[in-house]
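One structure is given below, encoded as structure tokens.
What you are looking at is a predicted structure, and each value in this text was computed from that prediction instead of being measured. Naming: A, B, ... by sequence-line order, numbering from 1 per chain.
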Amino acid sequence: MKITTFFDNFLKKKSIFSNKKVLQSSYFPDNVLYREEQIMEVANILAPALRLEIPSNLFIFGKTGCGKTLTVKHILKSMEETAQKNNTSLKTIYINCKLKRVADTEYRLIARLIKEFNQQIPSTGLPTDEVYNIFYNILEKENKIIILVLDEIDQLTKKIGDEILYNLTRINSELKEAQICLIGVSNRLFFLDNLDPRVKSSLSKEEIIFPPYNALQIQTILQERAKQAFKPEILKSGVIEKCAAYAAREHGDARRAIDLLRIAGELAERSGSPTVEIYHLDDAEKKIEHDRVINSVVDQPKQFQNVLYSTLLIAKQKNIFFTGEIYDLYKKICKKTKLSILTQRRISDIIAELDMLGLINAKIISKGRYGRTREISLALTEDITIKINELLEKSLGLS
DNA sequence: AGGTATTCACATGAAACTATTCTCTGAGTTAGG
DNA sequence: TAACTCAGAGAATAGTTTCATGTGAATACCTGT
């Protein structure tokens, strides 16, 4: 088939989606379902800002996909609108600290903040306190109340400690004109416990916990989205229910449920099916897992891939193995691929990372007289393993 | 038998080092007046 | 003399290395019966 006819056919085929955007993770719905209570709570706390009084700092907790980000963004938006109407000098800033190479270090976070005030800062080369100074100066000039939301704030402190948070909370006492209100968002409930007590007390004047959605609520949310996203009569009965049930099992993660529905739709469309069936959901579930794993492998450094490759090789021989065995094989493969051999210390960390990514299961055990090590087994299905193996051989230049 | 001490094979932490990427600065060079 | 170039100093960051310390239980070694 010629490629042009393929495209012609593609266009002729009518899509089962009417508006796929609604299911994309970047989509921002007009109203947030089942979070009225939380919205009111947050709004109550932040409202003083509209009268140019600084609100208390606020902390928001809740599992992934339970509407934290959505709620906060929703409120920020309407606050900005109100402020604009009344000509109040209020500025809201939303930053996701998890984004790699955007806001995951002290320097980059401040640089990002400066960018919010339409000024450019070089990505490197300046001393950090210089960047702070620039930031302070901008703030003084702006003379505004600023509401700063730090999403996934735990990622930030995990990497670089809580010094930034301390500095941010201190800004208020150092600045005359502008004032900052901090809102931390995290999905780890005990996050506050390992913070500097000074930071903790000033940061968590108010705390709100978001409960996860239950299956019924997710169902309604999905229905709402599906109504806009798909053309009528596309979804077979039971699809939404199953999708919701699946997500409820995963601690009520609505985002996951929506992703699942979208992928299922895409799969159905690609296979030429006029409707979305239950089995498309199962396929979608597999595909999501598949993509997640592949993506987590592809853009890792060579050494990381090397360790993973060694692990896969050993896993072919036996189900359960230990750190030392991986290290031995790793060294051999390094010679073959002409990579420099890293120390066992580093390999230990890399193995821990593999565990974090869910590629392997590692458990620290003690073999008594024969030492202490990680007991490792592969956490991947057969077909994914083969796929990754291919990928790694290509990437490492083995045939 | 029962109790204690050892010992293995790593895990875990902290600090220091390295290579890369980037800015800023100021000396030296060049072109034009 | 102003504009340009280019090397060198200083920073941030990711990935490592070095050094130090921790650790759980199977075994070795006692002890007294």
For DNA chain C, find the residues of residues 320-331 of chain A with a heavy-atom distance under 4.0 Å and give them by number; none if there aren't any. none
Taking side-chain contact (heavy atoms from CB on, under 4.5 Å) as the test, write out the residues that go with A/Lys286, two or more places apart.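 Expected list: A/Asp283.
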With sequence neighbours excluded, residues passing side-chain contact (heavy atoms from CB on, under 4.5 Å) with A/Ser186: A/Phe59, A/Phe61, A/Ile153, A/Asp154, A/Arg188, A/Phe191
Please report, rounded to the nearest Å, how far the P atom of B/dC10 is from the CZ atom of A/Arg369. 14 Å
Please report, rounded to the nearest Å, how far the P atom of B/dC10 is from the OH atom of A/Tyr370. 14 Å
For DNA chain B, the residues among residues 349-365 of chain A that have a non-hydrogen atom under 4.0 Å from it: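 A/Ile364, in order of number.
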What residues 103-116 of chain A contributes to the DNA chain B interface at heavy-atom separation below 4.0 Å is none
By the side chain to side chain donor-acceptor pair (under 3.5 Å) test, which pairs, at least two apart or in different chains, include something from residues 254-270 of chain A?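 Only A/Ser15-A/Glu269, A/Lys20-A/Glu266, A/Tyr246-A/Arg256, A/Asp259-A/Arg262 qualify under side chain to side chain donor-acceptor pair (under 3.5 Å).
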Once you apply a heavy-atom cut-off of 4.0 Å, does A/Gln303 come out as touching a base, just sugar-phosphate, or nothing?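 It contacts sugar-phosphate atoms only.
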Considering only heavy atoms of chain A and a distance under 4.0 Å, specify the first and last nucleotide of DNA chain C in 5' to 3' order that meet this criterion. C/dG10 to C/dT27
Between [Y] and [X], is there a salt bridge with N-O shorter than 4.0 Å?
| X | Y | answer |
| --- | --- | --- |
| A/Asp355 | A/Lys363 | no |
| A/Lys318 | A/Glu325 | yes |
| A/Glu353 | A/Arg346 | yes |
| A/Glu81 | A/Lys85 | no |

Do the side-chain N and O atoms of A/Thr381 and A/Asp383 include a donor-acceptor pair separated by under 3.5 angstrom? yes
Please check this pair: side chain of [X] against backbone of [Y], looking for a donor-acceptor N/O pair closer than 3.5 Å.
| X | Y | answer |
| --- | --- | --- |
| A/Ser273 | A/Thr275 | yes |
| A/Thr337 | A/Ile333 | yes |
| A/Ser18 | A/Gln228 | yes |
| A/Glu285 | A/Leu260 | no |
| A/Glu41 | A/Gln38 | no |
| A/Asn96 | A/Lys98 | yes |

At under 4.0 Å between heavy atoms, which parts of nucleotides 21-27 of chain B does protein reach? Answer with one letter per nucleotide, 5' to 3': B base, S sugar-phosphate only, - none. BBSS---
State the CG-CD1 distance between A/Leu23 and A/Ile258, to the nearest 0.5 angstrom.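 Reported to 0.5 Å precision, the distance equals 7.0 Å.
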Sequence neighbours excluded, every pair satisfying ring-ring contact (aromatic ring centres under 6.0 Å, His included) that has a member inside residues 339-383 of chain A: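 Those involving residues 339-383 of chain A do not exist here.
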Suppose we screen for ring pair (Phe, Tyr, Trp, His ring centres under 6.0 Å). Which residues come up paired with A/Phe322, at least two apart in sequence or across chains?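 Listed in chain order: nothing, the list is empty.
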Under 3.5 Å between N/O atoms: give me all the protein pairs with nucleotides 13-16 of chain B, atom names plus distance.
from	atom 1	to	atom 2	distance (Å)
B/dG13	N7	A/Arg345	NE	3.3
B/dG13	N7	A/Arg345	NH2	2.6
B/dG13	O6	A/Arg345	NE	2.7

Under 4.5 Å side-chain heavy-atom separation, chaining through any Ile, Leu, Val, Met, Phe, Trp or Tyr, what else clusters with A/Ile145? Say none if it is isolated.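 A/Phe28, A/Val32, A/Ile39, A/Val42, A/Ile45, A/Leu46, A/Leu50, A/Leu52, A/Leu58, A/Ile60, A/Leu70, A/Val72, A/Ile75, A/Leu76, A/Met79, A/Leu90, A/Tyr94, A/Ile147, A/Val149, A/Ile183, A/Val185, A/Ile208, A/Phe210, which link up through side-chain heavy atoms under 4.5 Å apart, make up the rest of the cluster.
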Counting just side-chain N and O atoms, does A/Arg374 come under 4.0 Å of either OP1 or OP2 of B/dA11?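 Affirmative; the distance criterion is met.
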